[in-house]
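Here is the structure we will look at.
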Amino acid sequence: MARRSVRWGAALAFGAAWWWAVLRLALAPGAGPVEGAVAAGGWGLSLLPVHCVPKGRAAGALATGRWRGAWGWAAGRDRGVVGDGPDPS
């Protein structure tokens, strides 16, 4: 219950700060870069939940530790980054 209250409190505080920044940018002649950064950052964060899903529900998600096989690398051998030297095989 306490975690839920903290999350709601944080959400309300961040929401209030965002609205303050947006209204200040729209209405106050002396608004500056701080208000702009808060407004742009809040808008950018608002897009995040639309594009993110839990790994278990993501289409094509691999289990933990399976990414090497997906890229075609041997399970126990790391070939490094493409272009960082000759092929070790």
Side-chain angles (χ1 to χ4, degrees):
M1 185 69 178
R3 282 187 182 183
R4 180 180 245 176
S5 298
V6 169
R7 282 190 300 203
W8 274 104
L12 288 173
F14 287 126
W18 184 80
W19 274 109
W20 167 80
V22 169
L23 291 174
R24 185 154 160 83
L25 279 172
L27 303 174
V34 172
E35 290 88 352
V38 170
W43 178 81
L45 285 176
S46 72
L47 298 177
L48 186 65
V50 175
H51 301 289
C52 297
V53 297
K55 186 176 180 180
R57 286 194 274 163
L62 297 174
T64 303
R66 299 284 312 266
W67 65 271
R68 290 177 189 250
W71 284 92
W73 296 343
R77 201 163 95 190
D78 185 7
R79 293 187 178 190
V81 178
V82 175
D84 68 350
D87 187 22
S89 32

Nearest non-hydrogen partners of [X] and [Y], listed with the distance:
| X | Y | value |
| --- | --- | --- |
| V22 | A39 | CG2-CB, 3.9 Å |
| R24 | G30 | NH2-O, 3.8 Å |
| V38 | A17 | CG1-O, 3.8 Å |
| W18 | W43 | NE1-N, 3.6 Å |

(request) Verify the neighbour count for atom CH2 of W20: are there more than 12 heavy atoms of other residues, nucleotides or ligands below 6.0 Å? (result)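 Enclosed.
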
(request) For residues 12-21, pull every pair meeting salt bridge (charged side-chain N to carboxylate O under 4.0 Å, His left out), keeping only residues two or more places apart or in separate chains. (result)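 Not a single pair qualifies under salt bridge (charged side-chain N to carboxylate O under 4.0 Å, His left out).
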
